[in-house]
Chemist: 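Quick one: the structure is below, and I'll ask about it shortly.
Residue numbers start from 1 in every chain, and the chains themselves are labelled A, B, ... in the order their sequence lines are given, proteins ahead of strands.
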Protein chains: 2
Amino acid sequence: MAKTAVKRKKSGAPSLDRILSAASALFTRKGFNGTSTRDIAGRAGVSLGNIYNYFGTKEEIFVSLLEKREKEYFDPGQPLIRALTSTAFPDNIEGLGFAARETVEKFSDYILLIYVDVVEFEARHVNKMFARMRQGYAAALKASPAGRGRIASDIDPAGALMMVTWNYFNYFIMEKLFKVKGHYGMADEQAVKLFARVFKRGILA
Amino acid sequence: MAKTAVKRKKSGAPSLDRILSAASALFTRKGFNGTSTRDIAGRAGVSLGNIYNYFGTKEEIFVSLLEKREKEYFDPGQPLIRALTSTAFPDNIEGLGFAARETVEKFSDYILLIYVDVVEFEARHVNKMFARMRQGYAAALKASPAGRGRIASDIDPAGALMMVTWNYFNYFIMEKLFKVKGHYGMADEQAVKLFARVFKRGILA
DNA sequence: CATATATGAACGAGCGTTCGTTCATAAAGA
DNA sequence: TCTTTATGAACGAACGCTCGTTCATATATG
């Protein structure tokens with residue numbers, strides 16, 4: 001009986017979590033339609049039919065993943081929020097750069113799931129999430145401590161913050177997810193510095 | 001006899017072009033695995049078996065599309081190259097912004113195909129293309145006319161140019177392909193101006 | 001014992017590719 | 001010049017397989 005119990009519960013994690021984890025690994029590598037429920041079941045160590053005890057359809061698995069990761073992405077402990085609440089913007093531009101790197105590392109699966117949604121579901125499941133982002137940035141600025149650097153009066157602070165973080169995000173996404181090593185012709189640390197330099201004082205001599 | 005001939009050759013465009021065009025429309029909306037050869041055949045107005053007179057496999061259709069679009073993307077007549085050769089960098093930052101918008105409009109299918117490749121083929125078919133890009137930017141800077149604005153001596157000109165154009169690209173990709181209208185809380189024209197302002201003189205007061 | 005979780009065979013549909021056939025046109029041969 | 005042969009584009013049926021989902025049954029748990 002103990003033997004059967006061990007066989008039944010692989011590694012202690014509940015089946016639902018194992019299904020989600022397996023699905024995430026596969027959706028991010030083959031897309032939604034390129035991933036079969038058999039692949040997911042096999043990877044999760046559950047039977048094919050058991051999947052339907054937890055999720056009504058394959059698409060429901062996908063949507064659950066997006067929701068789960070969105071929640072984690074907006075969690076206050078995530079790297080970007082930490083960088084914003086520990087140092088004032090725009091003093092912390094380099095810090096934001098490294099936080100963006102950490103975020104892309106940590107959420108690379110979520111980012112790829114977003115691309116899957118953009119293509120295979122015409123961005124149906126994710127466009128609301130992006131709309132929430134600007135509010136998130138504005139709120140983080142409010143909660144940010146006062147600092148030495150001042151933002152020029154003709155610049156929208158939330159806009160500037162979005163500009164900086166998106167720039168870093170996109171750099172690290174290219175390097176990591178698009179697999180383009182050194183696409184700026186320099187190492188990460190140098191690129192972080194270049195971007196910060198440009199954002200602080202501009203390109204003009 | 002004439003009747004039969006007409007029946008055999010639909011609409012004048014060669015079958016190959018119709019297959020590519022149909023495939024592009026479908027791959028960008030459902031992904032590679034989500035698109036069947038039957039879908040492509042139906043949309044192109046050819047028989048299912050006829051596809052294999054032109055392409056050995058479904059993947060070969062996909063790769064042909066990427067190659068075709070890549071060639072068009074790097075064509076000297078495309079909006080971004082035009083903006084760079086008509087006005088000096090960094091005088092033309094706003095111009096680059098509008099060129100980026102035009103480019104995203106014109107190549108939205110290509111951008112989506114790239115996402116398909118990143119996810120479903122682990123960026124296998126596109127990462128070389130990105131490596132080429134830096135060279136493209138450096139060459140465009142060389143060919144660019146001399147202007148009034150001068151780049152600060154501690155800033156890599158090609159790096160700055162990439163930073164500007166990627167920033168604008170990503171803005172317009174979000175707006176158009178991710179379907180997030182007004183994600184900076186302002187109209188396109190205002191966003192183009194804000195970005196140019198920040199890139200020229202920086203955020204600091 | 002009742003309930004919750006899990007299984008695996010089967011259903012009906014769809015998939016990428018192959019293959020034999022047809023047909024219009026071009027080329028070769030008499 | 002006319003007839004025969006060859007060619008390549010096009011077709012649609014079929015092959016062998018995979019797919020998402022259902023459902024009757026088995027097993028585990030409290």
Side-chain angles (χ1 to χ4, degrees), chain A residues 1-27 29-65 116-117 119-121 125, chain B residues 1-27 29-65 116-117 119-121 125:
Chain A
M1 195 178 345
K3 204 172 183 182
T4 310
V6 169
K7 190 175 174 184
R8 203 66 186 278
K9 292 274 185 166
K10 281 200 185 221
S11 82
S15 295
L16 187 146
D17 292 338
R18 279 188 285 118
I19 292 167
L20 283 177
S21 175
S24 180
L26 292 164
F27 287 148
R29 243 182 254 136
K30 303 164 133 206
F32 178 80
N33 285 294
T35 297
S36 70
T37 48
R38 282 167 182 80
D39 289 338
I40 295 172
R43 190 179 173 110
V46 303
S47 69
L48 181 53
N50 198 18
I51 289 188
Y52 296 88
N53 285 322
Y54 296 93
F55 302 95
T57 62
K58 186 171 142 193
E59 183 169 340
E60 208 182 294
I61 303 173
F62 182 71
V63 172
S64 293
L65 279 169
V116 172
D117 193 67
V119 174
E120 294 184 59
F121 295 100
H125 300 118
Chain B
M1 195 177 347
K3 205 173 184 182
T4 311
V6 167
K7 191 177 173 184
R8 210 67 192 275
K9 294 270 187 168
K10 280 199 182 224
S11 86
S15 296
L16 187 146
D17 291 339
R18 279 187 285 118
I19 292 166
L20 283 176
S21 174
S24 180
L26 291 164
F27 287 148
R29 242 183 253 135
K30 304 165 133 205
F32 179 80
N33 286 294
T35 299
S36 71
T37 49
R38 282 164 183 82
D39 289 338
I40 295 169
R43 191 178 173 112
V46 302
S47 68
L48 182 54
N50 199 19
I51 289 189
Y52 295 89
N53 282 322
Y54 297 92
F55 302 95
T57 62
K58 186 172 145 192
E59 185 170 337
E60 209 182 293
I61 302 173
F62 182 71
V63 172
S64 293
L65 278 170
V116 172
D117 193 66
V119 173
E120 294 184 60
F121 295 99
H125 300 119

Chemist: For the pair made of CZ in F55(B) and P in dT18(C), what is the distance, rounded to whole Å?
Modeler: 15 Å
Chemist: Taking the minimum atom-to-atom distance to the side chain of Y52(B), which one of dA6(C), dG12(D), dT18(C) wins?
Modeler: dT18(C)
Chemist: What nucleotide among dT21(D), dA10(D), dG16(C) has an atom nearest to a side-chain atom of T57(A)?
Modeler: dT21(D)
Chemist: When you get a sec, tell me which of dG20(D), dA10(D), dG16(C) is the closest nucleotide to the side chain of K58(B)?
Modeler: dG16(C)
Chemist: Side chains of F27(A) and I61(A), heavy atoms from C-beta outward: is any pair under 4.5 Å?
Modeler: yes
Chemist: Please report, rounded to the nearest Å, how far the P atom of dG14(C) is from the CG atom of L26(B).
Modeler: 16 Å
Chemist: Given atom CD1 of I40(B) and atom C1' of dG14(C), what is their separation to the nearest angstrom?
Modeler: 15 Å
Chemist: For G49(B) and for G34(A), locate the closest nucleotide of DNA chain D by heavy-atom distance; then report the residue assigned to the nucleotide nearer the 5' terminus.
Modeler: G49(B)
Chemist: Under 3.5 Å, is there any donor-acceptor pair linking the side chain of R38(A) to the base of dG20(D)?
Modeler: yes
Chemist: Need one value for L48(B): base, sugar-phosphate or nothing, where a base atom within 4.0 Å counts as base even if backbone is also close, heavy atoms only.
Modeler: base
Chemist: Hey, which sits more toward the 5' end of DNA chain D by its nearest nucleotide, S47(B) or T37(A)?
Modeler: S47(B)
Chemist: Given dT7(C), dA10(D), dA10(C), identify the nucleotide with an atom nearest to the side chain of Y54(B).
Modeler: dA10(D)
Chemist: Of the nucleotides dG20(D), dT17(C), dA9(D), which has the atom closest to the N50(B) side chain?
Modeler: dA9(D)
Chemist: Looking at every non-hydrogen atom in both residues, tell me the closest pair between R18(B) and V46(B) and how far apart they are.
Modeler: NH1-CG1, 3.7 Å
Chemist: Are side-chain N/O atoms of E120(B) and H125(B) paired as donor and acceptor at under 3.5 Å?
Modeler: no
Chemist: In whole Å, I'd like the distance from the CD1 atom of I61(B) to the P atom of dC15(C).
Modeler: 14 Å
Chemist: So F121(B) and F62(B), would you call those rings parallel, tilted or perpendicular, with 30° and 60° as cut-offs?
Modeler: parallel
Chemist: Classify the side-chain pair S47(A)/N50(A) by whether it contains a donor and acceptor separated by less than 3.5 Å.
Modeler: no
Chemist: Has the side chain of N53(B) got a donor or acceptor atom sitting under 3.5 Å from an opposite partner on the base of dA10(D)?
Modeler: yes
Chemist: Nearest to the S36(A) side chain among dA6(C), dC19(D), dA14(D), which nucleotide is it?
Modeler: dC19(D)
Chemist: Roughly, in whole Å, what's the span from CD in E59(A) to P in dT21(D)?
Modeler: 9 Å
Chemist: Does dA9(D) have its OP1 or OP2 closer than 4.0 Å to a side-chain nitrogen or oxygen of S15(B)?
Modeler: no
Chemist: Whole-Å distance between dG16(C) P and I19(B) CD1?
Modeler: 14 Å
